[in-house]
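Note: hydrogens, waters and symmetry copies are ignored here, and every other heavy atom, side chains too, is used.
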Amino acid sequence: MLDTTTYLTKLKEFEGVFSYMYEDTAGNVTVGVGNLLANAAAAQKLAFVRRPNPSAKPPVLPGPATADEIKADFDNVNKQPAGKLASYYRQFTQLDLPDSVIDSLLRSRVREFTTTLCATFPDFNSYPAEACAAIFDMAFNLGLGKLTSQFPTFCKAVKDKDWATAAKECERGGIGDERNKWTKAQLEKAEADAKAKAAGK
């Protein structure tokens, strides 16, 4: 079963946590912990607040953002060039998502994502915590469709609970080495524990 207390801290480390809208590496407007915003309407469903700016004329006071203000931030970010660091896009925004909203949104998305993972891997909740974390990270990072279509050997190994093969097939392109190494280490730990258990240790 997925140990969310441990894993969510790691997920935040890998994905980054950004209170303002930015573009991900594919040019999608995103906020929080890798939360893609399909359009301005999706952004308007979230409880953004104005970023105080007392030196502005007139001064910008803190408070809930309006739908128009949220759309303005979305549009401003959406028209920027892709491929920049997330911090680059802050200058084009005036709103932030409070930490409590970011955390609530992340927990909600993890619950939903776990449900879809269980549909693909029916035994997911019975897998070792380390394997669950690795599988979840692969799916969250790639998207479940891409995981199943581009990593068929990995997915078969997961269903067979063959963690050694899964560890060899988990490397993703376009991400940092540290994340790939961490994912592989989780699956190798699951394999080592399974062997030890089988040996009665």
### Query
Between the main-chain N or O of Lys168 and the side-chain N or O of Glu171, is there a donor-acceptor pair closer than 3.5 Å?
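Answer holds: no.
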### Message
With a 3.5 Å distance limit and no angle check, can you tell me whether Ser55 reaches the backbone of Asn53 through a side-chain donor-acceptor pair?
### Response
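Judged by distance alone, no pair lies under 3.5 Å.
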[X] side chain near [Y] side chain, heavy-atom distance below 4.5 Å:
{"X": "Arg107", "Y": "Asp103", "result": "yes"}
{"X": "Phe48", "Y": "Glu69", "result": "no"}
{"X": "Arg50", "Y": "Pro62", "result": "no"}
{"X": "Phe18", "Y": "Val31", "result": "no"}

If you look only at distance, which donor and acceptor atoms sit under 3.5 Å apart when one is on a side chain in residues 33-42 and the other is two or more places apart or in another chain?
unit_1: Asn35; atom_1: OD1; unit_2: Arg109; atom_2: NE; d: 2.9
unit_1: Asn39; atom_1: OD1; unit_2: Ala41; atom_2: N; d: 3.2
unit_1: Asn39; atom_1: OD1; unit_2: Ala42; atom_2: N; d: 2.9

Let me have the donor-acceptor pairs involving side chains of residues 117-131, under 3.5 Å, with sequence neighbours excluded, atom names and distances please.
unit_1: Thr120; atom_1: OG1; unit_2: Thr116; atom_2: O; d: 3.4
unit_1: Ser126; atom_1: OG; unit_2: Asp123; atom_2: O; d: 2.7
unit_1: Tyr127; atom_1: OH; unit_2: Val158; atom_2: O; d: 3.2

### Query
When hydrophobic residues are tied together by side-chain contacts of less than 4.5 Å, even through go-betweens, does Met21 share a cluster with Phe92?
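Yes, it is one cluster - the side chains of Met21 and Phe92 are joined through contacts under 4.5 Å.
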### Task
Could you go through the ring-ring contact (aromatic ring centres under 6.0 Å, His included) check for Tyr89 and Tyr20 one step at a time?
CA-CA 8 Å; Tyr89 301 97; Tyr20 49 88; 8.6 Å; no
### Query
Mind checking what makes salt bridge (Lys or Arg N to Asp or Glu O under 4.0 Å) contact with Asp24, not counting sequence neighbours?
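Asp24 satisfies salt bridge (Lys or Arg N to Asp or Glu O under 4.0 Å) with no residue once adjacent residues are dropped.
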Side-chain atoms of residues 71-78: list all donor-acceptor pairs with protein atoms under 3.5 Å, sequence neighbours left out, distances to 0.1 Å.
unit_1: Lys71; atom_1: NZ; unit_2: Asp75; atom_2: OD2; d: 2.7
unit_1: Asp73; atom_1: OD1; unit_2: Gln94; atom_2: N; d: 3.0
unit_1: Asp73; atom_1: OD2; unit_2: Gln94; atom_2: N; d: 3.1
unit_1: Asp73; atom_1: OD2; unit_2: Leu95; atom_2: N; d: 3.0
unit_1: Asn76; atom_1: ND2; unit_2: Ala72; atom_2: O; d: 3.2

### Message
Please check if the number of heavy atoms outside Asp3 that lie under 6.0 Å from its CG is greater than 12.
### Response
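Atom CG in Asp3 is packed in, count exceeds 12.
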### All pairs passing salt bridge (charged side-chain N to carboxylate O under 4.0 Å, His left out) where residues 81-96 contributes a residue, at least two apart
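Applying salt bridge (charged side-chain N to carboxylate O under 4.0 Å, His left out) to every pair that reaches into residues 81-96, excluding sequence neighbours, yields Arg51-Asp96.
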### salt bridge (charged side-chain N to carboxylate O under 4.0 Å, His left out) pairs, two or more places apart, involving residues 141-157
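Found Lys156-Asp160.
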### Query
Quick one: do the Thr183 and Arg172 side chains pair a donor with an acceptor below 3.5 Å?
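Indeed, the side chains of Thr183 and Arg172 share at least one donor-acceptor pair under 3.5 Å.
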